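Quick notes on the structure that follows.
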Amino acid sequence: MLVVDDEQPALDELGFLLRADDRVGEVITCRSATDGLRTLRETDVDAVFLDVQMPGLSGLELAEVLGRFKQPPPVVFVTAHEQHAVDAFDLHAVDYVLKPVRAERLAEAVRRVVSGSDRRPAPDDAQIPVERAGVTRFVDRGDITHVEAQGDYARLHTDGGESYLVRIPLSTLEEEWRPAGFWRIHRSLLVALAHVDEVRTDGGRCTVVVRGVELPVARRHTRELRDVLVRRARGLA
Amino acid sequence: MSGQLELAELDASRNRAMEAEVRALRAQISPHFVYNSLGAIASFVRTDPDRARELLLEFADFTRYSFRRHGDFTTLAEELRSVERYLLLEQARFGDRLQVTLNIAPEVLPVVIPFLSIQPLVENAVRHGLEHASSVDEAGHLRILAHDRGHECVVEVEDDGAGEDPEKVRRALAGDASLDSIGLGNVDARLRATFGDDYGLVVETARGAGTKVVVRVPKFAPGVSAG
């Protein structure tokens, strides 16, 4: 495995955690993307763990270069910043892990590398607690097709046609769920990209069909939405 | 009579605007900074537990200062203490790559300044100097100077980092929040609201040429005292 991070303590920690994993053999550490590339010129690796924000060549730029290799090594992004996780989607990274790194989370990333085939985003296993008539239930986030803002609250709509009100503002969900493939399409709407069936454009007006439900896409979100859907499609192809 | 009411209203709305701006800055502790610092500390827990503990305490004190609620003003001494804590945390991540020189004249330490008027400038400097550096092998140099100039105190924050397009800086100072260093426009606005339009930020920068931000503060201003 190759680990690239410009911050020494972060590099040490990730190196240590990986070496502690039985499935992992040799771990090579590099403090810059350039050093990483030099290493890869001479050595083949099974996976590259990359920090995103680095001086000089960034982690994302390096991943792009790696993608052009004849045999691109699987890439796992390690980042303090969730925003970069969205770009990880585009570059077909196998996984992304947040800093500070939990050993269990890293183990999951190693599992995905080892199982090899994973180019698709992993099934979403997050569960959201919702309350109805005083009883708390858990909704699988993977079942949520879209979210609608209702003041300071948000209405979660699921695949099965149910809906639940949660006391979380849409903007918070937008930020927290972006790495899970939820995209803002409108001031009051968030959609799960995984559930998008179609994008329709009709004389400048754009809508998405999400499991049969047609939702409006605000003008300013249209282009971004189309881009991200195209990139996702390429990744899954 | 109505003139007085108008002035009072103007004052009140100016204060509200300033409060909002400080609130905005308080909420600005960068998540990137938080999680990278915590990540570095996690690493030290294993390799240097005493340092890890020390860093955790600095982190707590740093966030405490940033979340402080009482008053819009502080002393240069207090603000610089926070700056020092911040730099300690950044040095935990970057080690020798962050070289800092502090040159503070003791007589200006009690000078009263708006809360979070120097801190954001230092954060920008670290970002320019390190996070946007061109190489991991080059150290970023940061210089903070504070000296007495008669009836004013002058603070300079200088870095030899990536520098910035002067046009972008002009826009940020004019209130365009799209520029990354949102702190710049915010600090400038509050300095001018407190001390008058003559006391805005002066920024010298160019791409690849580093950045210097100069803050001038009158030593005795009416209605300004640390809470």
Side-chain angles (χ1 to χ4, degrees), chain A residues 3-20 29-39 49-62 77-85 96-106 171-172 175-176 178-179 220, chain B residues 27-56 58-59 88-99 123 125-141 159-163 178 180 208:
Chain A
V3 181
V4 186
D5 195 320
D6 67 305
E7 293 177 29
Q8 193 65 48
L11 194 62
D12 287 342
E13 183 69 358
L14 200 51
F16 169 75
L17 290 172
L18 282 171
R19 286 180 186 113
T29 57
C30 290
R31 284 184 61 210
S32 72
T34 324
D35 279 349
L37 279 174
R38 274 196 204 108
T39 304
F49 286 76
L50 276 182
D51 181 24
V52 172
Q53 183 122 12
M54 291 190 283
L57 201 64
S58 77
L60 296 177
E61 288 170 321
L62 176 58
F77 284 116
V78 183
T79 177
H81 215 256
E82 279 197 319
Q83 175 55 48
H84 295 137
Y96 74 92
V97 176
L98 292 176
K99 279 185 193 177
V101 178
R102 277 184 187 279
E104 309 86 63
R105 190 61 191 83
L106 190 65
S171 48
T172 306
E175 240 183 78
E176 289 179 14
R178 203 178 287 144
R220 66 202 196 108
Chain B
Q28 282 291 319
I29 296 187
S30 146
H32 190 73
F33 166 69
V34 167
Y35 297 118
N36 272 314
S37 296
L38 290 175
I41 296 172
S43 176
F44 285 121
V45 165
R46 194 176 41 85
T47 59
D48 190 344
D50 288 335
R51 187 171 183 196
R53 184 164 191 281
E54 196 47 51
L55 288 170
L56 276 173
E58 297 290 349
F59 188 84
L88 226 95
L89 291 162
E90 292 290 48
Q91 276 173 323
R93 292 167 61 194
F94 296 114
D96 289 335
R97 282 163 59 202
L98 175 59
Q99 300 279 339
E123 289 174 28
V126 172
R127 265 213 304 268
H128 292 148
L130 282 165
E131 296 186 2
H132 297 306
S134 52
S135 155
V136 77
D137 296 314
E138 280 171 24
H141 296 88
D159 70 80
D160 66 351
S178 65
D180 189 30

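Note that this is a predicted model, so its numbers are computed, not measured. Each chain gets a letter, A, B and so on, in the order the sequences are listed, and its residues count up from 1.
A distance-only check finds no donor-acceptor pair linking the side chain of A:Asp35 to the backbone of A:Cys30 [under 3.5 Å]. Looking only at distances, a side-chain donor or acceptor of B:Asn36 sits under 3.5 Å from a matching main-chain atom of B:His32.
Neither the backbone nor the side chain of B:Ala162 comes within less than 4.5 Å of any heavy atom of chain A. Using a 4.5 Å cut-off between heavy atoms, B:Arg46 touches chain A through its side chain atoms alone.
When each of A:Gly56, A:Ala10, A:Pro55, A:Ser58 is checked for heavy-atom pairs under 4.5 Å with chain B, A:Pro55 comes out on top.
The salt bridge (Lys or Arg N to Asp or Glu O under 4.0 Å) search around A:Asp12 returns none, not counting sequence neighbours. Under the ring pair (Phe, Tyr, Trp, His ring centres under 6.0 Å) criterion, B:Phe33 pairs with B:Phe62, B:Tyr86, not counting sequence neighbours.
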